[in-house]
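Numbers for residues simply follow the sequence, beginning at 1. Not measured: the values here are computed from a predicted model.
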Amino acid sequence: QVQLVESGGGLVQAGGSLRLSCAASGRTFRNNAMGWFRQAPGKEREFAAAISRSGVSTYYADSVKGRFTISRDNGKNAVLLQMNSLKPEDTAVYYCAASTRTVVAVTGTKYDYWGQGTQVTVSS
């Protein structure tokens, strides 16, 4: 069982930066691929970024590539999402997710554990 708690959301102006953190409980954290997803009002949840268990491989949605960076610290059971050059269309609730599968996935159905989410609002 893995419990995930996100933090770091807030209100920022366009062009600004935020760093989201996801604290994970459980001794099996290093066995989980991790992902960040987001859901804007009235829209379906979408993939943002993912990272392999070792942290060597990372994956990004085209909409955030070059602006967002995902990283993990297995010693601290934490995953970070550094978000730069934020745009109003990045406004959403951001969710941290953990997967027990070997292959890193970009679809939400492949993730087994989810946090409660943290709100990110980007004003124009």
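The shortest side-chain heavy-atom distance between T102 and R53 falls under the 4.5 Å cut-off. Side-chain contact between C96 and W36: present, with at least one pair of heavy atoms (C-beta onward) separated by less than 4.5 Å. By the 4.5 Å heavy-atom criterion applied to side chains, T121 and V12 are not counted as neighbours. For the pair F68 and D90, the minimum side-chain heavy-atom distance is below 4.5 Å. Contact check for R19 versus L80: side-chain heavy atoms found under the 4.5 Å cut-off. The shortest side-chain heavy-atom distance between M34 and L4 falls under the 4.5 Å cut-off. Between Y60 and T69, the closest side-chain pair of non-hydrogen atoms falls below 4.5 Å.
Remark: side-chain polar atoms of Y59 are not paired, donor with acceptor, to backbone N or O of A48 under 3.5 angstrom. Distance alone, capped at 3.5 Å, is enough to place a donor-acceptor pair between the E6 side chain and the Q116 backbone. Between the S52 side chain and the S57 main chain, a donor and an acceptor come within less than 3.5 Å of each other. Side-chain atoms of S99 do not come within 3.5 Å of backbone N or O of A33 as any donor-acceptor pair. Under the 3.5 Å distance criterion, the side-chain polar atoms of S85 are left unmatched by any main-chain donor or acceptor of G15.
Residues passing the salt bridge (Lys or Arg N to Asp or Glu O under 4.0 Å) test with D73, sequence neighbours excluded: none. Shown here are the side chain to side chain donor-acceptor pair (under 3.5 Å) partners of Y94, two or more places apart in sequence or in another chain: R38.
The environment of CD in E89 is crowded: more than 12 heavy-atom neighbours from other residues, nucleotides or ligands sit within 6.0 Å.
When all heavy atoms of A24 and V2 are compared, the pair lying nearest together is CB-CG1, 4.3 Å. Considering all non-hydrogen atoms of both residues, S124 and A14 come closest at CA-CB, 4.4 Å. Nearest heavy atoms, V104 versus A50: CG1-CB, 3.6 Å. Nearest heavy-atom pair across Y111 and A105 is OH-O, 2.6 Å. Heavy-atom minimum distance, S17 versus N84: OG-OD1, 2.9 Å.
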| query | So N74 and R72, side-chain hydrogen bond (donor to acceptor under 3.5 Å, both in side chains) or not? Walk me through it. | reply | CA-CA 6 Å; N74 286 342; R72 67 187 296 162; 2.7 Å; yes
| request: May I have the step-by-step check of side-chain contact (heavy atoms from CB on, under 4.5 Å) for Q39 and Y95, ending in yes or no? | output: CA-CA 8 Å; Q39 187 167 19; Y95 297 91; 4.3 Å; yes
Item to complete: Show your working on salt bridge (charged side-chain N to carboxylate O under 4.0 Å, His left out) between D62 and K65 and close with a plain yes or no.
Response: CA-CA 5 Å; D62 288 342; K65 197 172 295 182; 3.2 Å; yes
Set out, in order, the CA-CA distance, both residues' side-chain angles and the distance that settles side-chain contact (heavy atoms from CB on, under 4.5 Å) for N31 and T100, then state yes or no.
CA-CA 7 Å; N31 294 331; T100 59; over 6 Å; no
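Taken to the nearest 0.5 Å, the CZ atom of R45 stands 9.0 Å off from the OG1 atom of T107.
The six-membered or imidazole ring of F37 lies near that of F47, with a centre-to-centre distance under 6.0 Å.
Note on Y113: it clusters hydrophobically with F29, by side-chain heavy-atom contacts below 4.5 Å among ILVMFWY residues.
In summary, of the residues considered (T91, L20, L11), a side chain to side chain contact (heavy atoms under 4.5 Å, CB included) with V120 occurs for L20 alone.
A salt bridge (charged side-chain N to carboxylate O under 4.0 Å, His left out) check over residues 111-121, counting only residues at least two apart or in different chains, returns the pairs R101-D112.
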